[in-house]
Amino acid sequence: EKYLLDNNLLISLTTFQDLDRGNGNLTSLEIEYDFGSGLNVAAGITNIKGDDLIDDYTFNSMEDFSHFRMQVKYYF
């Protein structure tokens, strides 16, 4: 996590690598910006990769959960 622009922008990078059974990984990048006056906007992307060489590998079935998301919050 890293805050920028007077702590109004938060950037988070998360990665998970399977070092035990296969070559799968999960990577997520999230950005959140506080516009002030109760308005926050957040966006993120998650990418999951499996290992094609292993048939019953858990990450292979999780590839369908890769996604992009966006969120707008307003507090009044």
Checking Asn60 side chain against Ile54 main chain: does a donor-acceptor pair fall under 3.5 Å? yes

Can you name the nearest heavy-atom pair linking [X] to [Y], along with the distance?
X	Y	answer
Tyr33	Leu5	CE1-CD1, 4.1 Å
Thr58	Arg21	N-NH1, 4.2 Å
Tyr75	Lys73	OH-CD, 3.2 Å
Gly50	Glu63	N-OE2, 2.6 Å

Under 4.5 Å between any side-chain heavy atoms of [X] and [Y], yes or no?
X	Y	value
Thr46	Arg69	yes
Val72	Leu39	yes
Thr27	Ile45	no
Leu10	Glu30	no
Phe59	Ile48	yes

More than 12 non-hydrogen atoms from neighbouring residues, nucleotides or ligands closer than 6.0 Å to CG on Asn7, yes or no? yes

How long is the gap from [atom1] on [X] to [atom2] on [Y], to the nearest 0.5 Å?
X	Y	atom1	atom2	answer
Asn40	Asn8	CG	CG	9.5 Å
Asn47	Phe65	CG	CZ	14.0 Å
Asn25	Asp51	CG	CG	10.0 Å

Does the pair Glu1 and Leu13 meet the rule for a side-chain contact (heavy atoms from CB on, under 4.5 Å), with working shown? CA-CA 7 Å; Glu1 287 188 352; Leu13 177 65; over 6 Å; no

Under 4.5 Å between side-chain heavy atoms, hopping through other hydrophobics if needed: is there a path connecting Phe68 to Met62? no

If hydrophobic clusters are built from ILVMFWY residues whose side chains come within less than 4.5 Å, do Met70 and Ile31 share one? yes

